[in-house]
Amino acid sequence: WKATASVAAVLTAWVLFSLLDSLVFQRPWNLARGPMMPKLARDVLRVGVLAGTVLVAATAILDQPLPAVLVSSTVLSAVVGLALQDVLKNVFAGMALELEKPFDRGEWLLLDGQPAQVLETSWRSVKLRTLEGLDVYEPNATFSGARLTNLGSGARPMALTFRVGVSYEAPPARVKEALLRAARAAPGGLESPAPQAIVESYGDSAILYRLRVWTRQVGELGRFQDAVNSRVWYELKRQGLTIPFPIRTVMLRHVEEEAGRDQAAFRERATALLADLPLFRDLAPDASRQLAAAARHQHYDHGEVLVREGERGDSLFVIDQGRVVITKSGAMVGTGTIDLASLGPGGFFGEMSLLTGEPRSATVTADGPVEVLVLPREALAPLLAADPGMAEQLSAAVIERQAEVRARLDRRERQRTVEEIQAESSLLERIRSFFKLPG
Ligand code: CMP
């Protein structure tokens with residue numbers, strides 16, 4: 001019967017509290033302010049009353065010793081407290097909000113910079129409705145830990161600030177008068193407190209004015225902003241005052257035309273360069289222009305290889321600017337590389353492979369930044385066919401260069417020491433091993 005009596009006591013407490021709650025606590029304090037006691041306070045009180053009844057029932061009816069009940073309830077609270085840390089944080093923050101009352105139901109708060117109206121507060125969160133009609137449940141702890149901006153409910157006026165730039169030509173007194181007239185005419189604006197207009201600063205293209213207008217339309221700030229801004233425009237327009245805007249100079253480029261111009265300039269330059277070369281000096285102007293049109297202009301950085309020994313190649317290079325060095329690997333004579341020549345502007349290379357079809361006979365490397373004209377075999381072939389003199393000149397160059405290469409290689413060969421040749425052929429070793437001489 002003791003257990004039944006305890007349960008009955010707790011249920012009785014529950015029922016009595018509910019009666020008190022609905023008959024007294026939820027009664028409106030006054031019609032404007034809603035119920036006498038907020039929901040959060042009622043909920044906390046309910047939990048307190050029930051906990052007290054349980055405590056009394058445990059000690060008085062069930063005859064449990066008070067310290068044991070208190071200790072077990074303390075341990076239980078610690079466990080529950082840890083598990084419900086976040087929830088409790090919100091509950092206590094909610095209680096602090098109830099005590100401080102930084103906002104009331106129906107008031108507008110700034111939530112992430114956007115206005116939202118408070119609908120309801122509870123033990124865990126505050127329910128707000130945004131201008132887009134979205135319901136947001138903001139945890140109580142957020143409000144206790146951050147700055148809160150309360151716009152009010154419209155009962156007290158609040159001001160919006162507008163910044164307007166007006167021409168340097170307009171006297172500030174006239175502009176301020178026009179701005180104030182526009183503010184007073186804007187729907188939703190208040191006569192008192194009166195709007196204010198001041199010169200804020202001198203901007204790049206306009207004098208900047210600050211207009212402060214008061215309103216009670218807290219829930220429709222966007223519309224109010226629109227109203228004031230629009231009225232300002234019309235009023236300034238009527239007064240002949242201009243709102244300047246930065247002027248931008250737009251340069252129009254005709255890309256195709258420019259590309260055509262660049263190409264024509266390059267062709268002219270290539271024609272002049274080719275005409276200066278002894279190789280093409282006897283070319284007819286038409287043929288020279290044709291050759292220039294087929295040429296490609298290429299840039300190379302210092303150290304870049306333009307032509308690599310042993311590779312196939314079918315183009316002739318003419319140096320426009322910079323220098324190149326021509327080297328040949330000395331593999332055939334067992335040495336490193338041999339420097340053959342260094343060519344500057346107007347020099348040409350690559351004619352050997354072009355004419356003979358053989359692999360490149362040497363490596364050509366840029367010595368500093370180099371610009372070259374590259375003439376493909378297809379462009380040269382008709383000229384060679386038409387002008388036997390050119391073929392002769394080219395073949396003379398080839399013969400001369402081949403002779404030069406051979407001479408260089410011979411010279412290098414002769415320079416090799418007896419030791420070098422011996423080391424290479426291991427002649428001494430072979431003699432020693434043949435006569436079984438000690439090493
Ligand atoms: P090609 O063999 O096509 O590629 C390497 C080029 O180096 C070669 O043509 C010649 O134009 C050039 N060349 C080779 N030997 C010499 C040299 N002794 N003097 C100048 N240029 C050379």
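Reckoned from all heavy atoms, side chains included, excluding hydrogens, waters and symmetry mates.
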For this session: Would you please test Thr149 and Leu109 for side-chain contact (heavy atoms from CB on, under 4.5 Å) and show each step?
Result: CA-CA 6 Å; Thr149 308; Leu109 307 183; over 6 Å; no
For this session: Indicate the ring-plane relationship of Tyr168 and Tyr202, choosing parallel, tilted or perpendicular according to the 30° and 60° boundaries.
Result: parallel
Problem set entry | Residue Glu256 excluded, over 12 heavy atoms near CD under 6.0 Å | no
Exercise. Any donor-acceptor pair under 3.5 Å linking the side chain of Thr242 with the backbone of Pro244?
Worked result: no
Problem set entry | Inter-residue atom distance Leu160.CG - Leu211.CG, 0.5 Å rounding | 10.0 Å
Problem set entry | Interatomic distance, Asp112 atom CG to Thr130 atom OG1 [nearest 0.5 angstrom] | 11.0 Å
Problem set entry | Candidate list Lys176, Arg163, Arg212, test salt bridge (charged side-chain N to carboxylate O under 4.0 Å, His left out), partner Glu200, passing option | Arg163
Exercise. Can you tell me how far CE of Met158 sits from OG1 of Thr215, rounded to the nearest 0.5 angstrom?
Worked result: 8.0 Å
Problem set entry | Any side-chain heavy-atom pair of Val305 and Val364 under 4.5 Å | no
For this session: Can you establish whether the number of heavy atoms outside Arg312 located under 6.0 Å from its atom CZ is more than 12?
Result: no
For this session: With the side chain counted from C-beta on, respond yes when Met95 and Val44 share a heavy-atom pair under 4.5 Å apart, and no when they do not.
Result: yes
Exercise. Considering all heavy atoms of both residues, which atom of Ser315 and which atom of Val374 are nearest to each other, and what is their separation?
Worked result: CB-CG1, 3.8 Å
Exercise. Does Asp204 CG have over 12 foreign heavy atoms under 6.0 Å away?
Worked result: no
Exercise. Are Asp320 and Arg269 ion-paired here, with the side-chain N under 4.0 Å from a carboxylate O?
Worked result: yes
Problem set entry | Distance in Å, Gln290 CD paired with Thr271 OG1, rounded so as to fall on 0.5 Å steps | 11.5 Å
For this session: Measure the shortest side-chain to side-chain distance between Val405 and Ile338 over non-hydrogen atoms and say whether it is less than 4.5 angstrom.
Result: no
For this session: Report, as yes or no, whether the 6.0 Å neighbourhood of atom CD on Glu169 holds more than 12 heavy atoms from other residues, nucleotides or ligands.
Result: no
For this session: Answer yes or no: does atom CD of Glu371 have more than 12 heavy-atom neighbours from other residues, nucleotides or ligands under 6.0 Å?
Result: yes
Exercise. Taking NZ, NE, NH1 and NH2 as the nitrogens, is one of them in Asp286 or Arg289 under 4.0 Å from a carboxylate oxygen of the other?
Worked result: yes
Exercise. Salt bridge or not for Arg323 and Asp367, using N-O below 4.0 Å?
Worked result: no
For this session: Quick one: pull up OG1 in Thr142 and NZ in Lys89 and give me the separation to the nearest 0.5 Å.
Result: 9.0 Å
For this session: Run the numbers on Arg174 and Glu177 for salt bridge (charged side-chain N to carboxylate O under 4.0 Å, His left out), then give the verdict.
Result: CA-CA 5 Å; Arg174 250 190 84 202; Glu177 204 181 298; over 6 Å; no
Exercise. Where do Gly106 and Ser153 come nearest, in terms of heavy atoms and distance?
Worked result: O-CB, 3.8 Å
Problem set entry | Check ion pair Glu235-Arg238 (N to O, under 4.0 angstrom) | yes
Atom pairs and distances, side-chain donor-acceptor, residues 343-353, under 3.5 Å, sequence neighbours left out:
residue	atom	partner	partner atom	Å
Glu351	OE1	Arg401	NH1	3.0
Glu351	OE2	Arg401	NH1	3.1
Ser353	OG	Glu358	O	2.9
Ser353	OG	Pro359	O	3.4
Ser353	OG	Arg360	N	3.2

Exercise. With a 6.0 Å cut-off on ring centres, are Phe143 and Phe103 close enough?
Worked result: yes
Exercise. Are any side-chain N or O atoms of Arg129 and backbone N or O atoms of Val118, one a donor and one an acceptor, separated by less than 3.5 Å?
Worked result: no
Problem set entry | Arg231 side chain to Ala185 backbone, donor-acceptor under 3.5 Å | yes
Exercise. Any donor and acceptor pair, going by atom type alone, linking the side chain of Glu304 with main-chain N or O of Asp301 inside 3.5 Å?
Worked result: yes
Seminar exercise, completed: One should read off an interatomic distance between Asn150 CG and Lys101 NZ, to the nearest 0.5 angstrom, of 11.5 Å
Problem set entry | Under-4.0 Å salt bridge between Lys328 and Glu309 | yes
Problem set entry | Residue pair Gly152 / Val218: nearest heavy atoms and the distance that separates them | O-CG1, 3.7 Å
Exercise. Knowing that exactly one of Leu179, Val175, Leu241, Leu208 qualifies, which makes a side-chain contact (heavy atoms from CB on, under 4.5 Å) with Val164?
Worked result: Leu179
Exercise. Can you list the steps and then say if Thr365 with Leu306 is a side-chain contact (heavy atoms from CB on, under 4.5 Å)?
Worked result: CA-CA 6 Å; Thr365 314; Leu306 288 82; 5.9 Å; no
Exercise. For the residue pair Ser230 and Asp226, what are the closest heavy atoms and their distance?
Worked result: OG-O, 2.7 Å
Problem set entry | Side-chain donor or acceptor of Asn90 paired with backbone N/O of Ala141 under 3.5 Å | yes
Problem set entry | Close side-chain approach of Thr121 to Leu97, heavy-atom, < 4.5 Å | no
For this session: Kindly check if the number of other-residue, nucleotide or ligand heavy atoms within 6.0 Å of CZ (Arg184) is above 12?
Result: yes
Exercise. Shortest non-hydrogen contact from Gly313 to Arg377?
Worked result: O-NH2, 4.2 Å
Exercise. Under 3.5 Å, is there a donor-acceptor pair between the side chain of Glu107 and the main chain of Asp104?
Worked result: yes
Problem set entry | Chi angles and distances behind the salt bridge (charged side-chain N to carboxylate O under 4.0 Å, His left out) call for Glu120, Arg105 | CA-CA 6 Å; Glu120 204 170 281; Arg105 234 172 307 158; over 6 Å; no
Exercise. Mind checking whether Asn140 and Trp123 have side chains closer than 4.5 Å, heavy atoms only?
Worked result: no
Exercise. Given side chains that start at C-beta, do those of Asp135 and Leu128 come closer than 4.5 Å, heavy atoms only?
Worked result: no
Exercise. Does the side chain of Gln196 come within less than 4.5 Å of Val213's, by heavy atoms?
Worked result: no
For this session: Evaluate the side-chain contact (heavy atoms from CB on, under 4.5 Å) criterion for residues Val126 and Tyr137: first the C-alpha distance (whole Å), next the side-chain angles of each, then the deciding distance (0.1 Å), finally the verdict.
Result: CA-CA 6 Å; Val126 177; Tyr137 293 85; over 6 Å; no
Exercise. Looking at Gly219 and Leu131, what are the two nearest heavy atoms and their distance?
Worked result: O-CD2, 3.2 Å
Exercise. Looking at residues at least two apart in the chain, or sitting in another chain, which of them share a ring pair (Phe, Tyr, Trp, His ring centres under 6.0 Å) with Phe266?
Worked result: His297
For this session: Please lay out, stage by stage, how Ile207 and Tyr209 fare under the test side-chain contact (heavy atoms from CB on, under 4.5 Å).
Result: CA-CA 7 Å; Ile207 300 181; Tyr209 293 85; 3.7 Å; yes
Exercise. Pro115 versus Leu110: any side-chain heavy-atom pair under 4.5 Å?
Worked result: yes
For this session: Report, as yes or no, whether the 6.0 Å neighbourhood of atom NE2 on His299 holds more than 12 heavy atoms from other residues, nucleotides or ligands.
Result: yes
